[in-house]
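Proteins come first, then strands; the chains are lettered A, B, ... in the order of their sequence lines, and each starts at number 1.
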There are 2 protein chains.
Amino acid sequence: MPETHWLNDDEMAAWQAFLTAGALLNRRIEEQLKDESGLSHLQYEVLVRLGAAEGGRLRMTELAAVVVTSKSGLTYQVTQLEKAGLVRRSSCRDDVRGVYAVLTDEGRRRLEAAAPGHVGVVRAHLVDVLTPDQLAAVKEGLGEVARRLGG
Amino acid sequence: MPETHWLNDDEMAAWQAFLTAGALLNRRIEEQLKDESGLSHLQYEVLVRLGAAEGGRLRMTELAAVVVTSKSGLTYQVTQLEKAGLVRRSSCRDDVRGVYAVLTDEGRRRLEAAAPGHVGVVRAHLVDVLTPDQLAAVKEGLGEVARRLGG
DNA sequence: ACGGGGAAGTTCAAATTTGAACCACACCCC
DNA sequence: GGGGTGTGGTTCAAATTTGAACTTCCCCGT
């Protein structure tokens, strides 16, 4: 077995910063969203993706992929959102097995109501903290990371 | 109420990349760690922090802060690690309420055994994907983000 | 000394997540 | 046209996470 190629101090610091910033930021977002809109971050992301999709709907599997959750996790959350009236399921014409998650009018209203506060947090704690160069580096660098991991 | 200051395309892309890269990378890490070492990412982080601390031990609250979990979540995980013999609890001399989580010898062995594989994943999917400039930007920029959020 | 405000950890029930097993169907190739 | 293989979604039980409540105890000011 080859010698392990350890991380040097800068690499370690970068990885640590990435990990910690992600966790802390997510904690803030979760808290803010729950308080002001009664949604979890995941639920909010689901609504966002549906809101941006053609016809406000997406297949379950595709939705699970874009919000990065497991299929069973998405099944659960969509069921919750359905109970809350923000999303409904509709079957797929071309594929009997297929299911669409569809954003309801009420869902879109909730999304629009939640968005400003959410964006405010992301801006205050991430976007406005980074310099333009750093923002660009995050976009390009992490974009590539995500792409290679199959995002 | 003031007009919402929305994110422009670059800001949106950066935020999206950050979120997605984090989720996908974490998924990989979780999978790798579970397969090769039988540890969750959180458990691994706990061992790392203890391993790096003076005397291989840390107070519960401080440990919870550095690994970014809730106190109750840490209580649970330390209990699991204790059952596995990787960590033990020890009471604190100066503060009767205080509890130290201490890395056992077995815990250190497991940590050392798990580290190479873990580092390999972090390197392959994150560190080696970023250019030196991007790495520096992530370190500085996200480091600042974490710092401000109380990391 | 003494009371109040906090901090440290744990506990508990409820909510969520995980991953494997499963059903039904689509697709492809001989 | 009949398997064999793979995909889409759901289900299920077990594991984990969450947040609030609770118990103890520290620390500070009076």
Angle separating the five-pair end axes of the helix from C/dA1-D/dT30 to C/dC30-D/dG1, nearest 10°, is 30°
Under the side-chain contact (heavy atoms from CB on, under 4.5 Å) test, which residues partner B/Gln32, sequence neighbours left out? B/Glu36, B/His118, B/Val121
A/Gln77 side chain N/O closer than 4.0 Å to the phosphate oxygens (OP1, OP2) of C/dT17? yes
Any side-chain N or O of B/Tyr76 less than 4.0 Å from the OP1 or OP2 oxygen of D/dT17? no
Which of the following nucleotides, [options], is nearest to the side chain of [X]?
X       : options                : value
A/Gln80 : D/dT10, C/dT16, C/dT10 : C/dT16
A/Arg89 : C/dT18, C/dG9, D/dT10  : D/dT10
B/Val99 : C/dT11, D/dC25, C/dG9  : C/dG9

Can you pull out the residues from residues 57-65 of chain B that lie within a 4.0 Å heavy-atom distance of DNA chain D? none
In residues 31-54 of chain A, which residues come under 4.0 Å of DNA chain D by heavy atom? none
For [X] and [Y], work out which heavy atoms get closest and say how close.
X        : Y       : answer
B/Ala114 : B/Tyr44 : CB-CE1, 4.0 Å
B/Leu103 : B/Leu86 : CD1-O, 3.6 Å
B/Arg59  : B/Cys92 : NH1-SG, 3.4 Å

Check whether more than 12 heavy atoms from other residues, nucleotides or ligands sit under 6.0 Å from atom CG of A/Asp9, and answer yes or no. no
Protein and nucleotides 21-23 of chain C: nitrogen or oxygen contacts under 3.5 angstrom:
none

For the pair [X] (side chain) and [Y] (backbone), establish whether a donor and an acceptor sit closer than 3.5 Å, ignoring hydrogens and angles.
X        : Y        : value
B/Glu30  : B/His41  : yes
B/Arg110 : B/Ser37  : yes
A/Gln134 : A/Thr131 : yes
A/Arg88  : A/Ala101 : no
A/Arg123 : B/His5   : yes
A/Thr20  : B/Ala146 : no
B/Glu140 : B/Ala137 : no

Taking any heavy-atom pair under 4.0 Å as a contact, classify B/Gly73: base, sugar-phosphate, or nothing. base
What does B/Arg27 touch in the nucleic acid at a heavy-atom separation under 4.0 angstrom: a base, only the sugar-phosphate, or nothing? nothing
Could you check whether the side chain of B/Arg97 and the base of C/dA7 have a donor-acceptor pair of N or O atoms closer than 3.5 Å, going by distance alone? yes
Should the side chain of A/Thr75 and the base of D/dG9 be counted as holding a donor-acceptor pair, with the cut-off at 3.5 Å? no
Is any side-chain heavy atom of B/Val102 closer than 4.5 Å to a side-chain heavy atom of B/Leu50? no
Between atom [atom1] in [X] and atom [atom2] in [N], what is the gap in whole Å?
X       : N      : atom1 : atom2 : answer
A/Asp94 : D/dT7  : CG    : P     : 18 Å
A/Arg93 : C/dA26 : CZ    : P     : 14 Å
A/Glu30 : D/dG19 : CD    : C1'   : 12 Å

Taking salt bridge (Lys or Arg N to Asp or Glu O under 4.0 Å) as the definition, give me every residue that meets it alongside B/Glu112, ordered by chain and number, with sequence neighbours left out. none
